[in-house]
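What follows is a short report on a single structure.
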Amino acid sequence: MESSTLLSFVSTTPSLPEFQHAILWALIVGIVLAFVLGFGMGANDVANAFGTSVGSKVLSLRNAFILACIFETLGAVLVGYNVTDTMRKGVIDVAIYKDDPKALEVGQVAILGGCGAWLIIATVFKLPVSTTHSLVGATIGMSVLVKGLDGINWMKIVSIVASWFISPLLSGLISACMYLIVDHSVLRRKNPFSCGLRALPVFYFFCIAFNVFAVSYQGSKILHLASVPFWLALCISIGAGLLFAGVIHIVARPRLIKWIESGEDVEAPSSSSIEDEKISSIEISVPSKSEQAPPPSFGERMKRLLKKFFPARERQEDQKTLKLFGSIQVFTACFAGFAHGANDVSNAIAPLTALLAIYMNMDVMQTAETPIYVLLYGVLAICVGLCVLGHRVIRTVGTEMSEINPASGFTIEFGAAVTALVASKLGIPISTTHCLVGSVVMVGTIKSGQGIDWRIFRNIALSWVVTLPVSGLISAAIMFGLKFTL
């Protein structure tokens, strides 16, 4: 009985040339839809990484586009392999398609169509949504229609969904702590510009060291960095950070001072405001013993302590200091772009990688590595989308949701980039959109209290909620239309 069943299966299984001829259309359509998905991702998701730099007027749109194209590519090529594997094989158990590789091949077309369609729709409405959300939803929608609930890796999905909530909170906390450090060590000092010059090499050290460690430890197989031990990666990153910090202090510092001092846009405090401060300091009456208030309660003392700990919301920042932070915000914008490329570019090309693996070898398990030309194709599509429609979402994140200056923008981008890169090294496809929005909200709240446009944030949060089911429904609808080809 078993031998006859095996012979029946062998006789009905097509040869590789027959299989390739039958699904050639799916490969061609998938390549086109992969470009559409990458275009939508560039217009929506990539724009978030540079939105705060454009919003704080540190970068022009044109320069943001150029830097994004460069560092998205570097992040995808040097770090992005782990996330590609998670999105291709982690959401569903591809082994259930061993007897039906054609269904999985056609399913990738539905996934690409569902995810790409939702990203374009969200971009039209200026809503920064998650490509990761969209891909997971589209993958589930396709698989449920073809195989029902069988093969869905629910625990993996639970961990990914948990990361969607954890990532904005974690990124927001990192950015908020970073902003408080900047505030206490630089912004609230009597001479913030001098303090900023002393702190600048330290900030550069951490940025460089973290980036180098992310690239060197369990890094790109293309550069043969996958086997670099932890201690060596740590030593290399610390050495590179110290070297770069020394260059900033010795070489760049005098040039920065000259550039800032020669700027005409730096405003000195007006004499009237200085006089007002003198008057306000003089006009302080000391109450007599009979008029003295009772000692403050514990609750009042805690309120005063918290008020001193958090930034003064009515304070006007020193313009020279903000211009100084503008120099490092350009760097952290590149850092954020690199982190986004490491995490999300791999998501965009994961279905295309699966398409090619199945078409070339009928390899449902997709054991081959992601080809470099597939990564570069995804980056090309993303860069085109960014340059054509990226300005729409950049305005939402960078200017409309909160008021951002170079100091707060630096901490927002740093927190989001650290969170995204750590997740990439762990192979967790978190949303860099959530990281950036979480950082914008957290820093804006402690910086100015009422500086967040909560109406815009509400719309963004609602778009996050509907992303997974909407992309899943679109993918399922496409798959339903393609079932006649199976």
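Counting begins at 1 with the first residue of the sequence.
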(Q) Are H249 and F205 packed together at the side-chain level, in the sense that at least one heavy-atom pair is separated by less than 4.5 angstrom? (A) no
Checking the side chain of S171 only, and the main-chain atoms of P168 only, is there a donor and an acceptor separated by less than 3.5 Å? no
Within a strict 4.5 Å, meaning less than it, do heavy atoms of the N405 and F325 side chains meet?
no
Practice problem: Please tell me if the side chains of I70 and I66 come closer than 4.5 Å, counting only heavy atoms from C-beta onward. | Solution: yes
Applying side chain to side chain contact (heavy atoms under 4.5 Å, CB included) to M442 and not counting sequence neighbours gives L173, A176
**Request:** Give a yes or no answer on whether the side chain of S475 reaches the backbone of G114 with a donor-acceptor pair at less than 3.5 Å.
**Result:** no
Nearest heavy-atom contact between A34 and L352 is CB-CD2, 3.9 Å
Assess the pair F203 and F331: is the distance between their ring centroids shorter than 6.0 Å?
no
Taken to the nearest 0.5 Å, the spacing of W118 CH2 from S463 OG works out to 6.5 Å
Checking T131, T467, L135 against L119 for side chain to side chain contact (heavy atoms under 4.5 Å, CB included), the one that qualifies is T131
Would a 4.5 Å heavy-atom cut-off, applied to side chains only, mark C115 and S471 as touching?
no
Correct closest heavy-atom pair for F193 and I260 would be CE1-CD1, 3.7 Å
One should read off an interatomic distance between L112 CG and T139 OG1, to the nearest 0.5 angstrom, of 9.0 Å
Separation between CD (E413) and OG (S439), nearest 0.5 Å, reads 10.0 Å
Taken to the nearest 0.5 Å, the spacing of E72 CD from M41 CE works out to 6.5 Å
request  = Show the numbers, then the answer: is there a side-chain contact (heavy atoms from CB on, under 4.5 Å) between S408 and Y179?
outcome  = CA-CA 6 Å; S408 61; Y179 186 78; 3.9 Å; yes
All heavy atoms of G415 vs all of S175, minimum pair found to be CA-OG, 3.3 Å
Inset, instruction - Check whether any side-chain heavy atom of L33 lies under 4.5 Å from a side-chain heavy atom of V29, and answer yes or no. - result: yes
Heavy-atom closest pair (G409 atom, Q329 atom, distance to 0.1 Å) is CA-NE2, 3.4 Å
Please confirm whether the backbone N or O of L127 pairs with a side-chain atom of N459, one donor and one acceptor, at under 3.5 Å? no
When rounded to the nearest 0.5 Å, the distance separating CZ of F39 from SG of C383 is 12.0 Å
Discussion item. Checking V330 against L67 for the side-chain contact (heavy atoms from CB on, under 4.5 Å) test, could you report, in this order, the C-alpha distance in whole Å, the side-chain angles of both residues, the deciding distance, and whether it holds?
Written reply: CA-CA 9 Å; V330 174; L67 290 174; 4.1 Å; yes
Q. Going through the distances and angles, do V422 and F210 end up as a side-chain contact (heavy atoms from CB on, under 4.5 Å)?
A. CA-CA 10 Å; V422 169; F210 195 89; 3.6 Å; yes
For this session: I would like to know whether L356 and Y373 meet side-chain contact (heavy atoms from CB on, under 4.5 Å); could you show each step before the answer?
Result: CA-CA 12 Å; L356 287 170; Y373 61 83; 4.2 Å; yes
Smallest heavy-atom separation, M479 atom then G107 atom, equals SD-CA, 3.7 Å
Please tell me if the side chains of R188 and P192 come closer than 4.5 Å, counting only heavy atoms from C-beta onward. no
- request: Flag the pair F206 / F244 as yes when their ring centroid distance falls below 6.0 Å, and as no otherwise.
  value: no
Heavy-atom closest pair (M178 atom, F410 atom, distance to 0.1 Å) is CE-CZ, 3.6 Å
Tell me, do I174 and L170 make a side-chain contact under 4.5 Å, heavy atoms counted?
yes
Output for pair (I208 CD1, L243 CG), nearest 0.5 Å, gives 9.5 Å
(message) Would you say that L200 contacts L256 through its side chain, given a criterion of any heavy-atom pair below 4.5 Å between the two side chains?
(response) yes
